Asks: 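Supplied in structure tokens, the structure appears directly below.
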Number of protein chains: 2
Amino acid sequence: MTKNVEKHDKEQQKEKENRSSEEFAYQKLKTAIRKRYITRGSKLVETTLAEELGISRTPVRSAIKRLESEGLVNIFPNRGAFVITPTRREIEETFQVRAALESMAIELAIEKASDEQIAELRHIINREYEILERKAMNEYWPNNNAIHLKIAEMSDNRVLFLRVSEILEQSSLYLVLYDPFSRLDYCPMAEHEKLFAALKAKNKAAARAAMEEHLKSSTAYVYVAEEVPEDYISLHSKMENP
Amino acid sequence: MTKNVEKHDKEQQKEKENRSSEEFAYQKLKTAIRKRYITRGSKLVETTLAEELGISRTPVRSAIKRLESEGLVNIFPNRGAFVITPTRREIEETFQVRAALESMAIELAIEKASDEQIAELRHIINREYEILERKAMNEYWPNNNAIHLKIAEMSDNRVLFLRVSEILEQSSLYLVLYDPFSRLDYCPMAEHEKLFAALKAKNKAAARAAMEEHLKSSTAYVYVAEEVPEDYISLHSKMENP
DNA sequence: CACTTGAAGATTGTATACAATTAATGTATA
DNA sequence: TATACATTAATTGTATACAATCTTCAAGTG
């Protein structure tokens with residue numbers, strides 16, 4: 001399950017330079033999960049990963065804990081760490097929380113944003129069209145996230161920005177985990193345009209409504225391959241093991 | 001600075017039983033920070049703490065990382081971990097985010113709460129009067145937090161509940177860190193009654209307004225002993241060292 | 001046959017030793 | 001005197017060894 005983590009002794013050494021081993025392990029694991037080299041529910045065995053990455057268990061262990069605190073992994077004491085398997089309910093709940101944060105962000109953005117920031121946002125949204133034209137699907141999600149991050153940044157509330165970053169990372173992983181072919185038959189450009197229009201017009205109510213609508217429809221497109229029983233794994237709670 | 005962490009060899013061994021060393025260190029450190037045995041801005045030296053707690057550096061290090069992920073500590077790579085010194089701005093931003101989460105929570109609570117849960121909430125609020133009559137100040141904050149947690153629980157959204165728990169813990173620490181005598185000349189009973197009334201009447205708009213008002217006035221009572229320059233320490237950002 | 005029981009192996013949790021980095025101190029030099 | 005540099009001490013980061021715990025699976029028991 002965890003064999004697909006790349007391993008090229010020399011190159012890895014290079015990548016590792018100027019980074020702590022823990023940071024290195026963290027990045028590798030995170031991208032391995034996001035790119036689904038490690039599938040949902042699979043166990044992260046410390047010794048195996050340490051060997052594959054060419055470092056010791058200590059930084060690997062540390063990296064796994066960090067991934068847990070970010071909600072990408074569940075740790076069961078004395079039993080091991082597993083990539084999350086979110087339930088339908090968890091996904092919906094997460095998007096609901098995300099909506100609360102992001103709709104506040106866009107309201108604040110209307111108050112605080114500078115013209116430069118609005119222009120930058122426009123630019124990122126434009127890039128979305130271009131990416132889809134080129135069918136460069138691997139660039140799609142980063143750019144989509146950049147749109148939401150930009151809005152959070154415009155709120156001029158650092159704490160809010162950090163919280164949005166976290167939950168954005170988590171919720172976009174949900175989409176990835178359950179999308180078997182990175183199909184993306186869901187194109188939110190119209191919704192992004194609505195967001196932008198309301199923001200530019202400084203219409204708070206419309207902006208909030210557009211954000212809530214956008215995130216609600218995002219949730220709907222999560223493809224839950226096999227319905228997971230509701231009590232299967234609960235985020236951050238140490239229950240039974242898969 | 002970190003000398004006041006208690007150390008009674010035998011008792012500690014007992015407390016430690018049935019818990020991992022890391023959990024033990026985490027709890028000890030957390031309460032030491034909350035009770036201000038370790039003051040804000042002070043450095044957490046791994047070897048010292050390990051000796052004081054009678055365990056090795058490994059679990060101490062791990063516990064510190066956990067505290068960082070919860071926002072009670074800042075870690076500067078290769079330099080050490082420090083108890084947070086939040087700026088006025090950070091505090092206000094945090095309360096603003098908290099308001100977004102909790103006002104959503106109370107709206108959902110109006111939809112979902114059972115009569116039993118409402119009765120339980122009433123009970124916790126009543127206990128507040130009783131605690132203040134007895135002047136049992138050490139019971140005050142836990143009970144106050146219990147009120148907010150109960151409302152979050154009533155939302156029937158586990159993800160939201162966890163996020164509220166986190167930010168509640170963080171923001172109540174802010175109050176503690178800057179309140180030199182645990183004076184508590186601020187009595188939010190009237191505000192809690194407003195929350196309850198709106199909840200019971202199932203009036204969403206009033207409930208949201210009451211929550212926002214309540215948290216806004218809480219912020220105002222944070223006593224920032226010495227104004228910290230705005231760029232002093234930024235939460236979660238690795239900048240210069242105190 | 002279902003259900004315990006009990007080693008043996010695998011994996012996590014902790015301690016400790018060593019390496020790398022930073023902070024502190026003292027000395028030389030302009 | 002102030003500044004730059006070098007040396008030393010202190011602290012963090014990583015590797016490895018050992019201990020505790022869980023999982024597995026086979027043998028025994030009702």
Side-chain angles (χ1 to χ4, degrees), chain A residues 1-3 5 9 12-29 38 41-69 73-83 233 238-242, chain B residues 1-3 5 9 12-29 38 41-69 73-83 233 238-242:
Chain A
M1 274 297 187
T2 65
K3 290 294 150 80
V5 178
D9 287 345
Q12 275 202 356
Q13 288 303 340
K14 260 192 180 161
E15 288 180 63
K16 227 185 86 177
E17 272 170 30
N18 286 330
R19 286 180 193 175
S20 68
S21 295
E22 183 201 319
E23 181 68 18
F24 171 70
Y26 168 74
Q27 294 292 348
K28 276 283 183 193
L29 281 175
I38 306 177
S42 59
K43 186 173 179 180
L44 302 177
V45 179
E46 295 171 3
T47 53
T48 312
L49 293 170
E51 277 179 17
E52 288 178 348
L53 295 169
I55 58 181
S56 80
R57 270 181 60 210
T58 311
V60 170
R61 196 174 159 73
S62 203
I64 290 175
K65 290 242 168 130
R66 185 167 161 199
L67 289 169
E68 193 211 17
S69 81
V73 157
N74 283 327
I75 295 179
F76 301 88
N78 285 314
R79 300 174 85 192
F82 302 81
V83 177
I233 272 189
K238 280 64 182 161
M239 308 176 64
E240 282 310 294
N241 167 337
Chain B
M1 274 298 186
T2 66
K3 291 292 149 83
V5 179
D9 286 345
Q12 273 203 357
Q13 288 303 341
K14 260 193 180 161
E15 287 179 65
K16 227 185 87 178
E17 271 169 31
N18 285 329
R19 287 178 191 174
S20 68
S21 294
E22 184 202 319
E23 181 68 18
F24 172 70
Y26 168 74
Q27 293 294 347
K28 277 281 181 191
L29 282 175
I38 307 176
S42 57
K43 186 173 179 180
L44 301 177
V45 179
E46 296 171 4
T47 53
T48 312
L49 293 170
E51 277 178 17
E52 288 178 350
L53 296 170
I55 58 181
S56 80
R57 270 180 60 209
T58 311
V60 170
R61 197 175 158 74
S62 204
I64 290 174
K65 290 244 168 129
R66 185 167 160 198
L67 289 169
E68 193 212 15
S69 81
V73 157
N74 282 328
I75 296 179
F76 302 88
N78 285 315
R79 301 175 84 191
F82 302 82
V83 177
I233 273 190
K238 282 64 184 160
M239 307 176 65
E240 280 311 294
N241 167 337

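Fair warning: this is a prediction, and the values are worked out from it, not measured in the lab. Residue numbering restarts at 1 for every chain, and letters A, B, ... go by the order of the sequence lines.
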Asks: How close or far is atom C1' of dT16(D) from atom CD1 of I55(A), stated in whole angstroms?
Replies: 14 Å
Asks: Looking only at the side chain of R79(B) (C-beta and beyond, no hydrogens), which of the listed nucleotides dT12(C), dC22(D), dT22(C) gets closest?
Replies: dT22(C)
Asks: Identify the heavy atoms of N74(B) and E68(B) that sit nearest to each other, and give their distance.
Replies: CA-CG, 4.4 Å
Asks: On DNA chain D, check which nucleotide each of T58(B) and G80(B) is closest to and give me the residue with the more 5' one.
Replies: G80(B)
Asks: How long is the line joining CD of E23(B) and P of dG13(C), in whole Å?
Replies: 12 Å
Asks: Taking atom C1' of dA20(D) as reference, at what distance in whole Å does atom CD of E22(B) sit?
Replies: 16 Å
Asks: Quick check: do E52(A) and K28(A) have side-chain heavy atoms less than 4.5 Å from each other?
Replies: no
Asks: For the residue pair I64(A) and L49(A), establish whether any side-chain heavy-atom pair is separated by less than 4.5 Å.
Replies: yes
Asks: Between S21(B) and dT14(C), does any side-chain N or O lie under 4.0 Å from OP1 or OP2?
Replies: yes
Asks: Counting only side-chain heavy atoms from C-beta out, which of dT14(D), dT16(C), dG13(C) sits nearest to P77(A)?
Replies: dG13(C)
Asks: Between atom CZ in R19(B) and atom P in dT12(C), what is the gap in whole Å?
Replies: 24 Å
Asks: Please determine, for the side chain of E46(A), which listed nucleotide (dT12(D), dT12(C), dT16(D)) has the closest atom?
Replies: dT12(C)
Asks: Please report, rounded to the nearest Å, how far the P atom of dT16(C) is from the CZ atom of R61(B).
Replies: 17 Å
Asks: Kindly give the heavy-atom pair with the smallest separation between A63(B) and Y26(B), and that separation in Å.
Replies: CB-N, 3.6 Å
Asks: To the nearest 0.5 Å, how far apart are NZ in K65(A) and OG in S69(B)?
Replies: 10.5 Å
Asks: Whole-Å distance between dA15(C) C1' and E51(B) CD?
Replies: 14 Å
Asks: To the nearest Å, how far apart are F24(B) CZ and dG13(C) P?
Replies: 18 Å
Asks: Considering only dG13(D), dT12(C), dT14(C), which nucleotide approaches the side chain of S20(A) most closely?
Replies: dG13(D)
Asks: So which nucleotide from dA15(D), dG13(C), dT11(D) ends up closest to the side chain of N78(A)?
Replies: dG13(C)
Asks: I'd like to know if R57(A) reaches the base of dG13(C) with its side chain, counting only an N/O donor and acceptor under 3.5 Å.
Replies: yes
Asks: Would you say S56(A) reaches dA15(D)'s phosphate, i.e. side-chain N/O to OP1/OP2 under 4.0 Å?
Replies: yes
Asks: Could you give the CZ-to-P distance, from F82(A) to dC22(D), as a whole number of Å?
Replies: 13 Å
